[in-house]
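We use all heavy atoms of the structure for the numbers below, so side chains are in, but hydrogens, waters and symmetry mates are not. Every chain is numbered from 1, with letters handed out A, B, ... down the list of sequences.
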Protein chains: 2
Amino acid sequence: MSVTIYDIAREANVGIGTVSRVLNNSANVTSQTRERVITIARRLNYQPHAFAQALARKRSNTLSAIIPFFTNYFFIEVLQGVQETLTSLGYDLIIHGVNSQDQVEEYLQRSMRKGRVDGTLLFSLELPEIYAQEILERKTPLVLVDTFHPKFDSIRVDNTMGAKIATEHLLSLGHKSIGMINANLKSSPAKERLSSFRLTMSEHGISISDDLIMNSPDAKNDGFSRESGYHSMKEFLARGTALPTALFVSSDIQAIGVLAALRESGIRVPEDVSIVSFDDVELAKNFDLTTMSQPMFKMGVLAVKKMLERIENPNAPVTSVDFKPTLVIRASCGANKKYVFHQQ
Amino acid sequence: MSVTIYDIAREANVGIGTVSRVLNNSANVTSQTRERVITIARRLNYQPHAFAQALARKRSNTLSAIIPFFTNYFFIEVLQGVQETLTSLGYDLIIHGVNSQDQVEEYLQRSMRKGRVDGTLLFSLELPEIYAQEILERKTPLVLVDTFHPKFDSIRVDNTMGAKIATEHLLSLGHKSIGMINANLKSSPAKERLSSFRLTMSEHGISISDDLIMNSPDAKNDGFSRESGYHSMKEFLARGTALPTALFVSSDIQAIGVLAALRESGIRVPEDVSIVSFDDVELAKNFDLTTMSQPMFKMGVLAVKKMLERIENPNAPVTSVDFKPTLVIRASCGANKKYVFHQQ
DNA sequence: ATGTTCTATGGAAGGGCTTTCAAAAGTAGG
DNA sequence: CCTACTTTTGAAAGCCCTTCCATAGAACAT
């Protein structure tokens, strides 16, 4: 039925071992037989059976990614980095889109099904301690992206530094009264960004009252959503208290919601209030958001690299790399006069 | 090292066949031995080796998707339907994100690597005829989503009907002068939507001059992008000719760009110009776009169902289902007074 | 020519599972 | 208690590959 190395071997009058060696570019085959085998393989349109290979090699050349990618564009961009790198290396990627923390466990189980994948990438989700143990015992390579566990390799962005840069940018523009529209504090990026914001402000001798800070109560995507930003801003406005002259928003997608809410009240950005957000998602430039850029693509690439290193060398010491976010100045902060800030 | 059915067999004093039967819930095993085997399997924390299973069963329980999902949110939503269905059925999904038509071939090759996947889903991309032949010969199940080929199952949206409904909605609101901001005509949805728009207008006795129609020259994502919409609208405005009172835009994402361009010129939506677009992407409701809703999630679900049917029954006649898009009325068309149209 | 070292090659083993086949055990009928 | 079935079970074969091992032959040295 489908053509195997046995078929090729027969046609070429060689043994299957030789065929295998040719196809895998192993040494010790005369160029003559090599030619012959290759020709025949091509003629028969031979395709290796991936699973048989995986079984024999004890290596599947596929990775899995557990990722809440349907709700946040951040992940999509990271995934792009992951995917392109993997593809160039001949690896496959199995994707497990997750909607909630509970599902993580189910997928973790599945990913760990023996032999299925060479390793798994876990994005932005907490690794339950029970699983941490089990994974360590099984020695399934695991790399964490945008999340942390002391026993596993991880790649993150330095939220503390990011929030500090964002805040200081606003301060450098002369703002004294700065508020923050934050996501749900359950999420650690939200937590880190808030406390760094607070710290930076106090380092500059400014104390901030709590009512300048809006933490999202949303569970969905931990408040990293347009709705969340919109509602937080609406609520802020509804209180009727004086608006700060600048806002630090914990993500671009929220900032877009914030912009909508502000516009409904006729408040202009950046004339009336300046905004700096976080992520630098594709959409951000369409909204001329000044934002902390996370090298998402690069993070994806690095995640794959780390994973492959881990696979090569299971006992290497655990590493953790923090990417430094960089400030991308567009129009929403008011610093850059040459841009016209146009939102619809 | 890792536990196999041999280990279980030894512990339970049965043959490997019996273990396999128990684990696969085959008939003809006494409940006594069944119990014993299950207990031991659980105690040893047995996990089946997916590849060995796939090899023996000649079935991998994984599908692959070739999808341009990094550029258009439409796909992400379809994928969600695919993924959830697949997961509930115990299938895995390998994703191949594609940036251009050329890559399709590479991935098609890879997907077809014998045994790797039970079938592949191709999204919105043309199936090169050479591959069509080869795939048919190999009998790799292939289901097309949002694209078409007479020899394969396909799931599409009825663009003709969609454009007709959209246009007639605008007409029913009293508009006589309607323009269209279209994507790149290379893409068949763009083509279909345009010709249906034209036809519908003429059916209603209105002839439209060509300068009311803007086709995008963009190659990137075939002009289905915010930039494309923005630039088309800008260009339209730059011509200084009279604006139509309504616009049919070929996608939500373009419409968002159109809104931005209009706003820059101080043109209000829907007061000055009404807009109906296409897709009903997640973002659309945030922009209060009246749009033709495509049941993206459902399409994903159906794609999987079709695929599984095809796998079960490779020789069933080819089917093609057209989803009927439905009109979702929000504020951008001006029909629905109760909404406040708020854009930032 | 003979012995020695390499290289090229064939083929068996092994990877972990499912499934088929035949034997063993159990059940029922007489 | 024996025969004729039926059910349960163990084990081998097969899925397709990689890899190891042994052998045959070539190349070289003596």
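For A:Val29, whose side chain is taken as the heavy atoms from C-beta onward, the closest listed nucleotide among C:dC17, D:dT18, C:dT9 is C:dT9. When the nucleotides C:dT9, D:dC16, C:dT18 are ranked by their closest atom to the side chain of B:Arg57, C:dT18 comes out on top. For B:Ala56, the listed nucleotide lying nearest its side chain is C:dC17; candidates were C:dG15, C:dC17, D:dC17. Listed candidates were D:dC17, C:dG10, C:dT9. Nearest to the side chain of A:Thr30 is C:dT9. Checking C:dT18, C:dG10, D:dG10 against the side-chain heavy atoms of A:Thr18 singles out C:dG10 as nearest.
Between the side chains of B:Thr85 and B:Ser88, no donor N or O sits under 3.5 Å from an acceptor N or O. Counting only N and O atoms by type, the side chains of B:Tyr107 and A:Thr87 include a donor and acceptor under 3.5 Å apart. Side-chain N/O atoms of B:Glu106 and B:His96 include no donor and acceptor closer than 3.5 Å.
B:Lys58 has its NZ atom 12 Å from the P atom of D:dC17, to the nearest Å. Rounded to a whole Å, the CD1 atom of B:Ile5 is 13 Å from the P atom of C:dG15. As rounded to whole Å, 13 Å separates atom P of D:dT19 from atom CG of A:Asn25. For B:Tyr46 and C:dG16, the OH to P distance is 10 Å, given to the nearest whole Å. The CZ-C1' distance, from A:Phe51 to D:dT18, rounds to 17 Å in whole Å. A straight line from CG of B:Leu55 to P of D:dC17 spans 9 Å, rounded to a whole angstrom. If you measure from atom CZ of A:Arg10 to atom P of D:dC16, you get 13 Å, rounded to the nearest angstrom. In this structure, A:Gln53 atom CD and D:dC15 atom P are separated by 17 Å, rounded to whole Å.
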Checklist entry - Could you go step by step and tell me if A:Lys305 and A:Glu309 meet the salt bridge (Lys or Arg N to Asp or Glu O under 4.0 Å) rule? => result CA-CA 6 Å; A:Lys305 280 206 187 125; A:Glu309 280 171 33; over 6 Å; no
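Put simply, A:Thr4 has no side-chain N or O that comes within less than 4.0 Å of OP1 or OP2 on D:dC16. Between A:Thr33 and the phosphate of C:dA8, there is no side-chain N or O to OP1/OP2 separation shorter than 4.0 Å.
The residue among B:Gly17 and A:Val19 whose nearest nucleotide of DNA chain C is located toward the 5' end is A:Val19. Looking at which nucleotide of DNA chain C each of A:Asn28 and A:Ile16 is closest to, the 5′-most match is held by A:Asn28.
Side-chain N/O atoms of A:Tyr6 and base N/O atoms of D:dC17 include a donor-acceptor pair closer than 3.5 Å. Between the side chain of A:Arg21 and the base of C:dG10, at least one donor-acceptor pair of N or O atoms lies under 3.5 Å.
Salt-bridge formation is not detected for the pair B:Lys306/B:Asp153: no Lys NZ or Arg NE/NH1/NH2 atom is positioned less than 4.0 Å from an Asp or Glu carboxylate oxygen.
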